[in-house]
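Just below is one structure, and these are the notes that go with it.
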Protein chains: 2
Amino acid sequence: MIYNRIKTLRSDKGLSRKELADAVEVNFQTIGYLERGDYNASLELAFKLAEFFEVPLDMAFSPRPFKTIAEELAALKAAE
Amino acid sequence: MIYNRIKTLRSDKGLSRKELADAVEVNFQTIGYLERGDYNASLELAFKLAEFFEVPLDMAFSPRPFKTIAEELAALKAAE
DNA sequence: TCATATTGTTGTATTTATACAACAAATATT
DNA sequence: AATATTTGTTGTATAAATACAACAATATGA
């Protein structure tokens with residue numbers, strides 16, 4: 001299982017699934033499947049999405065659950 | 001099409017396909033397919049391989065052809 | 001050189017990712 | 001509230017990734 005932040009990245013940009021799907025050239029329902037975790041993106045699609053969102057691939061996809069914002073902040077504080 | 005450096009990374013470590021395959025829990029022939037570019041790794045396998053080789057994912061996989069060592073050196077020199 | 005291990009090739013089977021359609025449920029817009 | 005847009009669900013179809021087997025070709029090592 002691979003975790004992803006597609007939904008967050010997408011809504012941050014104020015895009016609908018259809019718009020994102022068009023941008024990376026997949027069916028709009030494919031975006032839905034990915035966001036719900038029904039299946040993983042292919043490597044190819046993962047690269048396209050990361051590129052589209054202008055983030056490194058492992059900021060959009062991770063083999064381990066992403067930290068919540070609260071956890072990120074706690075980690076930052078601990079690292080001071 | 002996604003490019004990869006699995007063959008290089010693997011032979012740098014002096015491993016056979018079988019050994020690498022066992023380490024990332026796939027069939028040894030799957031490694032062969034990937035090395036020959038017959039098909040792409042899944043995102044899951046890509047993460048496992050990158051982790052195994054201790055390199056960032058995009059050092060092992062890229063949507064664009066990797067530079068040769070000569071090109072890398074030329075780029076380094078140009079950046080001086 | 002002979003034996004063994006590794007790699008390449010071909011072929012079949014299964015699983016997973018993607019496409020597409022129809023329609024219901026939920027949100028947003030006017 | 002009525003309408004339109006977006007999202008969720010289910011179902012079918014195809015393509016791509018993976019497993020596995022058998023065997024040929026190459027390379028490695030005794």
Side-chain angles (χ1 to χ4, degrees), chain A residues 1-70, chain B residues 1-70:
Chain A
M1 214 315 199
I2 299 292
Y3 299 86
N4 74 71
R5 278 174 164 153
I6 297 177
K7 187 164 194 166
T8 305
L9 290 163
R10 174 175 67 80
S11 42
D12 276 6
K13 281 214 166 188
L15 296 176
S16 72
R17 290 184 179 165
K18 177 87 183 58
E19 291 168 314
L20 174 55
D22 288 348
V24 296
E25 295 170 293
V26 291
N27 191 275
F28 84 100
Q29 314 203 72
T30 296
I31 303 295
Y33 286 122
L34 300 181
E35 288 186 357
R36 273 176 258 123
D38 282 357
Y39 52 63
N40 295 328
S42 63
L43 235 199
E44 197 151 11
L45 181 50
F47 271 115
K48 272 193 184 180
L49 287 164
E51 207 157 283
F52 176 77
F53 288 123
E54 299 175 287
V55 298
L57 194 142
D58 60 358
M59 184 136 317
F61 298 91
S62 164
R64 273 168 294 282
F66 287 104
K67 289 189 182 136
T68 62
I69 294 183
Chain B
M1 213 313 198
I2 300 291
Y3 298 86
N4 74 71
R5 279 175 163 152
I6 297 178
K7 189 165 193 166
T8 305
L9 290 163
R10 174 175 66 81
S11 41
D12 277 5
K13 280 215 169 189
L15 296 176
S16 72
R17 290 184 179 165
K18 178 86 182 59
E19 291 168 314
L20 174 56
D22 288 349
V24 296
E25 294 170 293
V26 291
N27 190 275
F28 85 100
Q29 313 203 73
T30 295
I31 303 295
Y33 286 122
L34 300 181
E35 288 186 358
R36 273 175 257 123
D38 283 356
Y39 53 62
N40 296 328
S42 64
L43 234 199
E44 195 151 11
L45 181 50
F47 270 115
K48 272 193 185 182
L49 286 163
E51 206 157 284
F52 176 77
F53 288 123
E54 298 175 288
V55 298
L57 194 142
D58 60 358
M59 183 136 319
F61 298 91
S62 165
R64 275 168 292 281
F66 287 104
K67 289 190 181 134
T68 62
I69 294 183

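Here is the naming used below: chain letters follow the sequence lines, and residue numbers restart at 1 for every chain.
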Polar atoms only, N or O, under 3.5 Å: list the protein pairs with nucleotides 3-7 of chain C and their distances.
{"from": "dT7(C)", "atom 1": "OP1", "to": "Arg10(B)", "atom 2": "NH1", "distance (Å)": "3.0"}
{"from": "dT7(C)", "atom 1": "OP2", "to": "Arg17(B)", "atom 2": "N", "distance (Å)": "3.0"}

So does Asn40(B) get a side-chain nitrogen or oxygen closer than 4.0 Å to the phosphate oxygens (OP1/OP2) of dA17(D)?
yes

Sorted by number, residues from residues 46-62 of chain B placing a heavy atom under 4.0 Å from DNA chain C are none

Atom CG of Leu43(B) to atom P of dT18(D): distance rounded to whole Å?
10 Å

For Ile31(A) and dT18(C), give me the distance from atom CD1 to atom P, rounded to whole Å.
9 Å

Of all heavy-atom pairs linking Val55(A) and Met59(A), the shortest is CB-CB, 4.1 Å

Rounded to whole Å, the CD-P distance (Glu35(B) to dT9(C)) equals 13 Å

Can you check whether Ser42(B) has a side-chain N or O nearer than 4.0 Å to OP1 or OP2 of dT18(D)?
yes

Check: Leu49(A) and Phe61(A) side chains under 4.5 Å, non-hydrogen atoms:
yes

Heavy-atom side-chain proximity of Leu43(B) to Leu57(A) below 4.5 angstrom:
yes

Could you tell me whether the side chain of Tyr39(B) has a donor or acceptor atom within less than 3.5 Å of a complementary atom in the base of dT15(C)?
no

Within this structure, what is the CZ-CG distance for the pair Arg5(A) and Asp12(A), rounded to the nearest 0.5 Å?
10.5 Å

For DNA chain C, the residues among residues 20-27 of chain B that have a non-hydrogen atom under 4.0 Å from it:
none

Mind checking what makes side-chain contact (heavy atoms from CB on, under 4.5 Å) contact with Tyr3(B), not counting sequence neighbours?
Pro65(B), Phe66(B)

So do Lys13(B) and Glu19(B) actually touch side chain to side chain, heavy atoms under 4.5 Å?
no

Considering non-hydrogen atoms only, spot the tightest contact between Pro56(A) and Ala50(A) and give its length.
C-CB, 4.3 Å

Scan for salt bridge (charged side-chain N to carboxylate O under 4.0 Å, His left out) pairs involving residues 52-64 of chain B, sequence neighbours excluded, and state none if there are none.
Glu51(A)-Arg64(B)

Residue pair Val24(B) / Phe53(B), side-chain heavy-atom distance below 4.5 Å
no

Residues Ile6(A) and Asn4(A): closest non-hydrogen pair is N-OD1, 2.9 Å

Classify every nucleotide of nucleotides 25-30 of chain D by which part a protein heavy atom approaches to under 4.0 Å, writing B for the base, S for the sugar-phosphate alone and - for neither, in 5'-to-3' order.
------

Do Tyr33(A) side-chain and dT7(D) base share a donor-acceptor contact under 3.5 Å?
no

Minimum heavy-atom separation for Met1(A) and Asn40(A), please, with both atom names.
SD-OD1, 4.1 Å

Among Leu45(A), Leu15(A), Leu20(A), the one residue meeting side chain to side chain contact (heavy atoms under 4.5 Å, CB included) with Ile31(A)
Leu20(A)

Which whole-number value in Å describes the distance from Leu34(A) CG to dT16(C) P?
15 Å

Scan Gln29(A) against the nucleic acid and name what it touches under 4.0 Å (heavy atoms): base, sugar-phosphate only, or nothing.
base

Closest contact, heavy atoms only, Lys7(B) versus Glu35(B):
CA-OE2, 3.5 Å

Under 4.0 Å, counting only non-hydrogen atoms across every strand here, what does Asp38(B) touch: a base, just sugar-phosphate, or nothing?
nothing

Nearest non-hydrogen partners of Pro63(A) and Ile2(A), listed with the distance:
CA-CD1, 3.9 Å

